[in-house]
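As a basis for the values below, the full set of heavy atoms in this structure was taken, side chains included, without hydrogen atoms, waters or symmetry mates. Lettering of chains follows the sequences in order, A, B, ..., and the numbering in each one begins at 1.
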There are 2 protein chains.
Amino acid sequence: MDQDGERVEEADDRLLTDQLFEQLSEAIVLGTFAPGSKLSEPRLAAQYGVSRGPLREAIRRLEERKLVTRAPRQGVRVVVTSPNDALELFTIREVLEGLAARHAAEHATDGEIDALRTMLARHREALSQPDAMVYWQATANSDFHFMIARVGRNQHLFDVLCGEYYTLFRLYRMQHRIVPGRAQRALMEHERIVEAISDRDAELAEMLMRRHIASARTGLVAQTGGAD
Amino acid sequence: MDQDGERVEEADDRLLTDQLFEQLSEAIVLGTFAPGSKLSEPRLAAQYGVSRGPLREAIRRLEERKLVTRAPRQGVRVVVTSPNDALELFTIREVLEGLAARHAAEHATDGEIDALRTMLARHREALSQPDAMVYWQATANSDFHFMIARVGRNQHLFDVLCGEYYTLFRLYRMQHRIVPGRAQRALMEHERIVEAISDRDAELAEMLMRRHIASARTGLVAQTGGAD
DNA sequence: CTGCGCATTTCTGTCGACAATTTTGAGCAG
DNA sequence: CTGCTCAAAATTGTCGACAGAAATGCGCAG
């Protein structure tokens, strides 16, 4: 152990709890803390150079976000997800993202639609580059769903999709190896969704988005990797 | 102040943080802590007879559940919700409860359908009693949505609807005076939803549930009180 | 060699205390 | 009487410490 000890020293005026939450979240998603491994409070406190107070508050938030599971008086462990869990979560995501797309079609301004189109053009350009997959997985795909949620004009929905559930989605992708194996096709689906939004066709936008998410869910069940 | 000081003394082996979270949630929903009022940590710690450690963890959870808002270095205040916030939340609830109803129609066992019918019969019976409204608001309505979510066989969805969002829904009903003014009609809608589930008509169950929630949302906009 | 019991160690849950910042409010100028 | 200044009080964010419970690991019986 003690291999790194990435302290929290950046003279940041953000609260310690928030910094810890972000670092712990990232470590969990990236697999630095393996699924099922225990998060010992004294060890983490020493590792990050903080006391257990703020650390415990950060862990509480991890628990609330379902990134760890707590056994009373036994500490917390990185959540271990089953394929069925992933199925459940993506089913929820399907209706929520569908709702966001519907709202986007109803409320997007012309400027926002232009911005969506510009973004997709950038994505198409990037897909022909060498490291296309890593860019797609890390940035492009998230950007699209992020923007749709924002354009939907439902702050609560945005918070859920892009804040509270975002890291959990990433964790499920990691634990179940849901890599975007069909980025080309996913991009095409994104373009069709934006077209529907541009046409102010709310119903179509919702349906296309739901199918888009569902395709990832289906690929997940088949264990072959989805497009999202 | 200091009028009551309901200590936490029940020799409960549950964690202090959990007890505090429940008591604070209840106090917020019931209006004991007025919307917008500040939650002072030293005052609450004295009032409940605990130290600030577990209290802060409970407050973090309140924050995560959107029951309070935090201004860094200024403490937390009971959330003040706008009618638009309520609209946003009920829009989300509409698709989630619709999803739960669809899943319920797909996965309910015959025994569960019997149990649903039995419950509705009990509710109809209770609606002819003197204190019908208070029973409806406090118990019957919640029981129905609770059971639908459970029968849906999606643990994540159940947790969201009956755990993470449940108290928030109650808070919105409180702050916006969304009283069940049409319990009779709401019960009829419940019965139709159960009939659709019994017929294994998932699409109809989802549609009826969405309309059922939407009617509450509409009544909310009209400020006349919804049926749910 | 394997499995059980017990002592040691570690960890969680909780508490009290300190520093820095924010809020309060008294005093004074206009 | 109103508004600004500045000191005092209160509050947040953080830390270290202690008690009880859980996990660990050793010794010993079988």
A:Arg61 charged N/C atom sitting above A:Phe21 aromatic ring, 6.0 Å / 45° | yes
Considering only side-chain heavy atoms of A:Lys38, which listed nucleotide, D:dC15, C:dT14, C:dC11, is closest?
-> C:dC11
When all nucleic acid strands are considered with a 4.0 Å heavy-atom cut-off, which category describes B:Leu39: base, sugar-phosphate, or nothing?
-> sugar-phosphate
Could you check how far CZ of A:Arg73 sits from P of D:dA19, rounded to whole Å?
-> 16 Å
Side chain of B:Pro42 only, please: which of D:dC15, C:dG13, D:dT11 is the nearest?
-> D:dT11
Aromatic ring pairing A:Tyr172/A:His176, orientation class (parallel under 30°, perpendicular over 60°, tilted between) | parallel
Without hydrogens or angle criteria, can the side chains of A:Gln155 and A:Asp159 be said to hold a donor-acceptor pair below 3.5 Å?
-> yes
Residue met sooner reading DNA chain C from 5', once B:Pro72 and B:Gly53 are mapped to nucleotides | B:Gly53
Take atom CG of A:Leu44 and atom P of C:dT12, then tell me their distance rounded to the nearest Å.
-> 9 Å
Give the rounded distance in Å between these two atoms: CG of A:Asp18 and C1' of D:dG13.
-> 11 Å
When all nucleic acid strands are considered with a 4.0 Å heavy-atom cut-off, which category describes B:Gly75: base, sugar-phosphate, or nothing?
-> sugar-phosphate
Between CZ of B:Arg70 and C1' of D:dT11 the distance, given in whole Å, is 12 Å
Roughly how many Å is it from CG in B:Leu55 to P in D:dT11, rounded to a whole number?
-> 13 Å
OP1, OP2 of C:dT21 versus side-chain N and O of B:Gln74: anything below 4.0 Å?
-> no
Looking at the side chain of B:Pro54, which of C:dC15, C:dT12, D:dG13 is the nearest nucleotide?
-> C:dC15
Separation of C:dC11 atom P from A:Ile59 atom CD1, nearest Å, is 13 Å
Respond yes when some side-chain nitrogen or oxygen of B:Ser40 is under 4.0 Å from OP1 or OP2 of D:dT11, and no when none is.
-> yes
note: B:Arg52, atom CZ; D:dG16, atom P; distance rounded to Å ~ 16 Å
Answer yes if the ring centres of A:Phe146 and A:Phe158 are under 6.0 angstrom apart, and no otherwise.
-> yes
Validation row: A:Thr167, A:Leu67 side chains within 4.5 angstrom (heavy atoms) = yes
N/O (side chain, B:Arg56) to phosphate O (OP1/OP2, D:dG13) under 4.0 Å = yes
Euclidean distance, atom CG of residue A:Leu16 to atom P of D:dG16 [Å, nearest integer] | 12 Å
